[in-house]
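Have a look at the structure below, then the notes.
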Amino acid sequence: MQFVRWFLGRLILLFDFIFTPRSKKRAAEQQQKLDAMTANLKLYQFKACPFCVKVRRAAKRGGLKLETRDAKNDEQYRQELLEQGGKVKVPCLRIEEQGEVTWLYESNDIVAYLEKLEKAA
């Protein structure tokens with residue numbers, strides 16, 4: 001079973017690499033505004049998780065720059081996710097706004113949030 005998971009994970013990463021979407025092109029001023037809006041976003045993820053890939057692809061399509069944190073291979077990020085977010089479940093978007101931290105867990109919710117940010121810029 002472990003081999004199957006490993007193999008499927010590598011297959012997901014291969015297809016993600018081959019079919020990586022292109023980022024949206026926008027004016028430098030608009031891109032800077034968007035970068036400022038996403039500066040306090042952190043995506044906790046597992047590299048080969050299909051739902052994490054979905055979120056990363058949505059961010060790439062929208063031209064959003066997200067800091068990704070590998071909660072599978074980095075114990076510090078895994079611990080942050082558990083202690084501050086409440087559970088080790090990925091993908092998880094850590095949103096810091098005006099000193100308040102929100103943890104968003106579902107991939108569809110994260111993608112909707114990113115799309116909303118993109119439209120606001």
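No hydrogens, no waters, no symmetry mates; every other heavy atom, side chains included, goes into these values. Numbering of residues begins at 1 and proceeds along the displayed sequence.
- A distance-only check finds a donor-acceptor pair linking the side chain of Trp103 to the backbone of Gln84 [under 3.5 Å].
- The two residues Gly62 and Leu34 make their nearest non-hydrogen contact at O-CD2, 4.0 Å.
- With sequence neighbours excluded, the residues satisfying side chain to side chain donor-acceptor pair (under 3.5 Å) with Lys54 are Asn108.
- Cys92 contributes atom SG, which lies 6.5 Å from atom CD1 of Ile110 (distance to the nearest 0.5 angstrom).
- Across every non-hydrogen atom of Leu43 and Arg56, the tightest pair is CD2-CG, 3.9 Å.
- Minimum heavy-atom separation, Ala71 to Phe46: C-CE2, 3.6 Å.
- Separation of atoms CH2 (Trp6) and CE (Met1) is listed at 15.5 Å; rounding is to 0.5 Å.
- The pair Glu106-Lys89 meets the salt-bridge criterion, since a charged nitrogen lies less than 4.0 angstrom from a carboxylate oxygen.
- At least one side-chain heavy atom of Val55 sits less than 4.5 Å from a side-chain heavy atom of Leu114.
- Nearest heavy-atom pair across Tyr105 and Gly85 is OH-O, 3.0 Å.
- With hydrogens and angles ignored, the 3.5 Å screen pairs no side-chain donor or acceptor of Arg94 with any backbone N or O of Leu41.
- When the side chains of ILVMFWY residues are joined at heavy-atom separations under 4.5 Å, either directly or via intervening members, Val53 and Val111 end up in two distinct hydrophobic clusters.
- The distance from atom CD of Glu100 to atom CG of Asn40, rounded to the nearest 0.5 Å, is 13.0 Å.
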Name the atoms and distances for all side-chain donor-acceptor pairs under 3.5 Å in residues 8-19, with sequence neighbours left out.
from	atom 1	to	atom 2	distance (Å)
Asp16	OD1	Arg57	NH1	3.1

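- Summarising the geometry, atom CG belonging to Leu93 is positioned 11.0 Å from atom CZ belonging to Arg69; distances are rounded to the nearest 0.5 Å.
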Practice task
List the steps, then state whether side chain to side chain contact (heavy atoms under 4.5 Å, CB included) holds for Leu81 with Val90.
Solution key: CA-CA 9 Å; Leu81 190 56; Val90 292; 4.0 Å; yes
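- Just one of Gln31, Gln30, Glu118 meets the side chain to side chain donor-acceptor pair (under 3.5 Å) condition when paired with Lys24; it is Glu118.
- Between Thr68 and Lys42 there is no side-chain heavy-atom pair separated by less than 4.5 Å.
- To the nearest 0.5 Å, atom NZ of residue Lys60 and atom NZ of residue Lys65 are 10.0 Å apart.
- A salt bridge between Glu80 and Arg78 is absent, with no side-chain N of the basic residue lying under 4.0 Å from a carboxylate O of the acidic one.
- One finds the CE atom of Met37 at 6.5 Å from the NZ atom of Lys33 (value rounded to the nearest 0.5 Å).
- In plain terms, the two heavy atoms of Tyr113 and Ile95 that are nearest each other are OH-CG2, 3.3 Å.
- Contact detail for Ser107 and Phe51: the closest heavy-atom pair is OG-CD2, 3.7 Å.
- Here the side chains of Asp70 and Tyr44 are not in contact, with every heavy-atom distance at 4.5 Å or above.
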